[in-house]
Amino acid sequence: MVRAKSWTLKKHFEGFPKTSDFELKEVELPKLKDGDVLFESVFLSVDPYMRPYSRKSMKEGDIMIGSQVARVVESKNPTYPVGTYVVAFSGWRTHFISDGKDLQLLPAWPEKFPRSLALGTIGMPGLTAYFGLFEICKIRAGDTVLVTAAAGAVGSVVGQIAKIGGCKVVGCAGSDKKVAYLKQIGFDEAFNYKTVGSLEEALRKASPDGYDCYFDNVGGEFSSIVLNQMKKFGRIAVCGAISGYNDTVPQKGPYVQIPMLFNQLSMEGFIVSRWNDRREEALKILLRWVVEGKIKCEEHVTEGFEKMPAAFMGLLKGENLGKAVIKV
Ligand SMILES: NC(=O)C1=CN([C@@H]2O[C@H](COP(=O)(O)OP(=O)(O)OC[C@H]3O[C@@H](n4cnc5c(N)ncnc54)[C@H](OP(=O)(O)O)[C@@H]3O)[C@@H](O)[C@H]2O)C=CC1
Ligand SMILES: CCCCCC(=O)/C=C/[C@H]1[C@H](O)CC(=O)[C@@H]1CCCCCCC(=O)O
C-alpha cells in the first residue's frame with residue numbers, strides 16, 4: 001500500500017498567502033484497477049497563477065492545483081510501463097493514480113538535462129514565452145523588446161528567444177543578482193526596478209527610442225509607465241499581472257486609452273493553452289535551442305515536498321532565480 005501526501009488549501013488566501021492557509025494530509029491509495037497507473041511525483045511546480053486561480057476555481061479543503069513531472073511506479077496500463085515519465089496536472093501530491101488520460105509523455109530526454117525542465121523552459125513557461133513573443137508580440141529582427149519579471153521562468157526565456165529572433169532585449173528584475181544573471185544570458189540592458197531612482201528614466205536610458213514590444217508579466221504601475229514609452233504601432237503581450245495577485249482591493253491605474261491611441265498600440269491578453277494544438281512542435285524547438293546552448297536554463301530548486309508552501313510564497317516574494325521547482 002502506498003501512502004500519498006498532499007497539500008490542501010485549508011483557508012482561502014487573504015492578501016499574501018500564509019503558512020496556516022495550507023494543510024498537509026496523508027491518505028492510503030487503493031489498489032490499481034485495470035487501466036490504472038500509479039505515479040510518484042519527482043519534481044513539482046509552483047507557479048504564480050496558483051494564487052489568483054485558487055480563488056477562482058478552488059474551495060477550501062481542495063488539493064492545491066499544479067503540475068508535476070511524475071514517474072510510473074506500478075502499472076496496469078500498457079501505454080505507461082513502469083519507469084515512464086510524464087507531465088501531469090495532478091496537484092500538490094507525492095503520489096497519485098491515473099487512468100492514463102490527460103498526461104503528457106516527456107519527449108526523448110537528453111541525459112545531461114534534468115527532467116524538471118519539462119516544468120520550465122521545455123514546458124508551460126517556455127511555451128508561454130514562445131507563443132507570446134511570436135503570436136502576440138509578433139517580433140521582427142531589429143525590434144526592441146522589454147520584458148518584466150525577466151529573471152523568472154517565463155521572462156528569462158522571453159529574453160533569450162527574442163535574442164535568437166534578432167531583437168534588442170531589455171529586462172527588469174527585482175535584485176542585483178538577477179540583473180547580473182540577465183546580462184550573463186545575453187540581455188542587452190537590464191535594471192533592478194526596486195532600486196532605480198526613476199522607472200521612467202531607467203526605461204528611457206535602456207532604450208532612448210522606446211519599445212516595439214512589451215512582454216508584460218507584472219501589470220500595475222510599472223506597466224502604466226511603460227505604455228508611455230512604446231513606439232508607434234507597438235505590441236503589448238499581457239501575459240501576467242503578478243504585481244496585483246495578492247491585492248485585496250484591485251489597483252486603479254492611469255487608464256490606457258490615451259497612450260494607446262496616440263501611438264496606435266495593440267494590447268492583447270493570452271493564456272498559453274490557446275496554442276495547445278501546436279504544443280509538441282514548439283516543445284521540439286525549445287528542446288533543440290536548449291541542446292544547442294542557445295537558451296540557458298536556470299532553476300530554483302527547493303528540496304522536500306514539505307516545503308512546497310514555503311517555495312510558493314518565496315516565488316510570490318521574488319526569491320526565485322529561474323524556474324521555481326520542488327524536488328520531492
Ligand atoms: N498567460 C499565461 O498563459 C501565463 C502567464 N504567466 C504569468 O507570467 C508571469 C511570470 O510567471 P513565471 O515566469 O512562472 O514566474 P517567475 O519565475 O517570473 O516568478 C515570479 C516573479 O515575479 C516577480 N514579482 C513578484 N511580485 C512582483 C511585483 N509585485 N512586481 C513585479 N514583479 C514581481 C518576482 O521577480 P522579481 O524579483 O523580478 O520581482 C518573482 O520572481 C506571471 O505573471 C504569471 O502569472 C505564466 C505562465 C503562463
Ligand atoms: C487566472 C490568472 C491567470 C494569470 C496568468 C497565468 O499565470 C496563466 C497561467 C496558466 C498556465 O498556463 C497554466 C494554467 O492553468 C494557467 C491558466 C489559469 C487561468 C485560466 C482562466 C481561464 C478560464 O477560466 O477558462
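Each residue takes its place number in the sequence, starting with 1. Atoms within a ligand are numbered from 1 in the order they appear, just like the ligands themselves.
Listed by number with element, the atoms of ligand 1 under 4.0 angstrom from any heavy atom of Ala173 are 38 (O). Proximity to Ala241 (heavy-atom distance under 4.0 Å) selects the following atoms of ligand 1: 43 (O). Within ligand 1, the atoms closer than 4.0 Å to a non-hydrogen atom of Ala153 are 13 (O), 14 (O), 16 (P), 17 (O), 18 (O), numbered from 1 in the order shown. Residue Pro48 approaches ligand 1 through these ligand atoms, each under 4.0 Å from one of its heavy atoms: 11 (O), 12 (P), 14 (O), 15 (O), 42 (C), 44 (C), 45 (O). Under a 4.0 Å criterion applied to the non-hydrogen atoms of Gly240, ligand 1 contributes the atoms 7 (C), 43 (O). Every atom of ligand 1 with a heavy atom of Val218 under 4.0 Å away is listed here by number and element: 31 (C), 32 (N). Each of the following atoms of ligand 2 lies closer than 4.0 Å to a heavy atom of Met124: 11 (C), 12 (O). In the vicinity of Val272, heavy-atom distances shorter than 4.0 Å reach the ligand 2 atoms 12 (O). Of all atoms in ligand 1, numbered sequentially from 1 with element shown, those under 4.0 Å from a heavy atom of Phe270 are 1 (N), 2 (C), 3 (O). For ligand 2, the atoms closer than 4.0 angstrom to any heavy atom of Pro52 are 2 (C).
No more than 12 heavy atoms of other residues, nucleotides or ligands lie within 6.0 Å of CZ in Phe262, so this atom counts as exposed by the packing criterion. Other residues, nucleotides and ligands contribute more than 12 heavy atoms inside 6.0 Å of the CD atom of Glu306. Heavy-atom contacts from other residues, nucleotides or ligands closer than 6.0 Å to CD of Gln251 number more than 12. For NZ of Lys231, the number of neighbouring non-hydrogen atoms (other residues, nucleotides, ligands) closer than 6.0 Å is greater than 12.
Not a single protein heavy atom sits closer than 4.0 Å to atom 22 (C) of ligand 2. Protein heavy atoms are absent from the space less than 4.0 angstrom from atom 25 (O) of ligand 2.
Ligand 1 has a nitrogen or oxygen under 3.5 angstrom from a nitrogen or oxygen of Asn320. Considering backbone and side-chain N/O atoms, Ser243 never comes within less than 3.5 Å of an N/O atom of ligand 1. Below 3.5 Å of separation, one finds no N or O of Cys172 facing any N or O of ligand 1. For ligand 1, the polar-atom distance check finds an N/O of Val272 within less than 3.5 Å of one of the ligand's N/O atoms. For Tyr53, no nitrogen or oxygen atom sits less than 3.5 Å from a nitrogen or oxygen atom of ligand 2, counting backbone and side chain alike. Between Met124 and ligand 1, not a single N/O pair is under 3.5 Å apart.
The structure places CZ of Arg93 at 8.5 Å from OG of Ser41, a figure rounded to the nearest 0.5 Å. Gln104 CD to Asn276 CG: the interatomic distance, rounded to the nearest 0.5 Å, is 7.5 Å. We find the NZ-OG1 distance between Lys10 and Thr19 to be 11.5 Å, quoted to the nearest 0.5 Å. Between the CG atom in Asn77 and the NZ atom in Lys101 there is a gap of 10.0 Å [rounded to 0.5 Å]. Between atom OG1 of residue Thr94 and atom CD of residue Glu26 there is a gap of 7.5 Å, rounded to the nearest 0.5 Å. Phe13 contributes atom CZ, which lies 6.5 Å from atom CZ of Arg51 (distance to the nearest 0.5 angstrom).
Residue contact check for ligand 2: Cys239 places a non-hydrogen atom closer than 4.0 Å to it. The shortest separation from a heavy atom of Pro48 to ligand 2 is not under 4.0 Å, leaving the residue out of contact.
A salt bridge is defined here as a Lys NZ or Arg NE, NH1 or NH2 lying under 4.0 Å from an Asp or Glu carboxylate O, and Asp188 with Lys163 meets this definition. The pair Glu40-Arg71 counts as a salt bridge, with a side-chain nitrogen and a carboxylate oxygen less than 4.0 angstrom apart. In summary, Lys177 and Glu298 do not engage in a salt bridge, as defined by a charged side-chain N under 4.0 Å from a carboxylate O.
Taking all heavy atoms of Phe222, Trp275, Tyr193 into account, the minimum distance to atom 30 (N) of ligand 1 is reached by Tyr193. Nearest residue to atom 21 (C) of ligand 1 from Ala324, Gly244, Ala149, Gly219 is Ala149 (criterion: closest heavy atom). Summarising the contacts of atom 6 (N) of ligand 1 with Ala150, Cys239, Gly132, Ala151, the nearest heavy atom is found in Cys239. In this structure, of Leu316, Ile136, Leu315, the residue bringing a heavy atom nearest to atom 19 (O) of ligand 1 is Leu315. Comparing Phe270, Phe89, Tyr49 by heavy-atom distance to atom 13 (C) of ligand 2, the nearest is Tyr49. Which of Leu127, Val154, Asp47 comes nearest to atom 46 (C) of ligand 1 through a heavy atom is settled by distance: it is Val154.
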Under the ring pair (Phe, Tyr, Trp, His ring centres under 6.0 Å) rule, what do Phe39 and Tyr85 come out as? Steps first, then yes or no, please. CA-CA 9 Å; Phe39 285 96; Tyr85 285 88; 9.7 Å; no

Applying salt bridge (charged side-chain N to carboxylate O under 4.0 Å, His left out) to Lys323 and Asp47, what does each step give before you reach the verdict? CA-CA 9 Å; Lys323 174 71 187 113; Asp47 298 270; 3.2 Å; yes

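Looking only at heavy atoms of the protein, atom 34 (C) of ligand 1 is closest to Gly318 CA, 3.6 Å. Scanning the protein for heavy atoms near atom 8 (O) of ligand 1, the closest one is Asn217 OD1, 3.3 Å. Closest to atom 45 (O) of ligand 1 among all protein heavy atoms lies Tyr245 OH, 2.7 Å. Among protein heavy atoms, atom 17 (C) of ligand 2 sits closest to Ile271 CG2, 4.1 Å. Of the protein's non-hydrogen atoms, Lys178 NZ, 3.3 Å is the one closest to atom 35 (O) of ligand 1. The single protein non-hydrogen atom nearest to atom 27 (C) of ligand 1 is Ile242 CG2, 3.9 Å, given as residue, atom name and distance. For atom 18 (O) of ligand 1, the closest heavy atom belonging to the protein is Gly152 CA, 3.3 Å. The nearest heavy-atom contact from the protein to atom 38 (O) of ligand 1 is Gly174 N, 2.8 Å.
Residue Met64 is tested with Met308, Glu23, Met58 for a side-chain contact (heavy atoms from CB on, under 4.5 Å); the sole match is Met58.
For the pair Phe222 and Ser243, the minimum side-chain heavy-atom distance is 4.5 Å or more. Contact of the Trp289 side chain with the Tyr130 side chain is registered, since non-hydrogen atoms from C-beta on lie closer than 4.5 Å. The side-chain heavy atoms of Phe187 and Tyr181, taken from C-beta on, include no pair separated by under 4.5 Å.
Contact annotation for Tyr245 and ligand 2: only side-chain heavy atoms (C-beta onward) come within less than 4.0 Å of the ligand. Neither the backbone nor the side chain of Glu319 comes within contact range of ligand 1; no heavy atom lies under 4.0 Å. The part of Thr128 lying near ligand 1 is the side chain, judged by heavy-atom distances below 4.0 Å.
Checked against a 6.0 Å centroid threshold, the rings of Phe22 and Trp92 count as neighbours.
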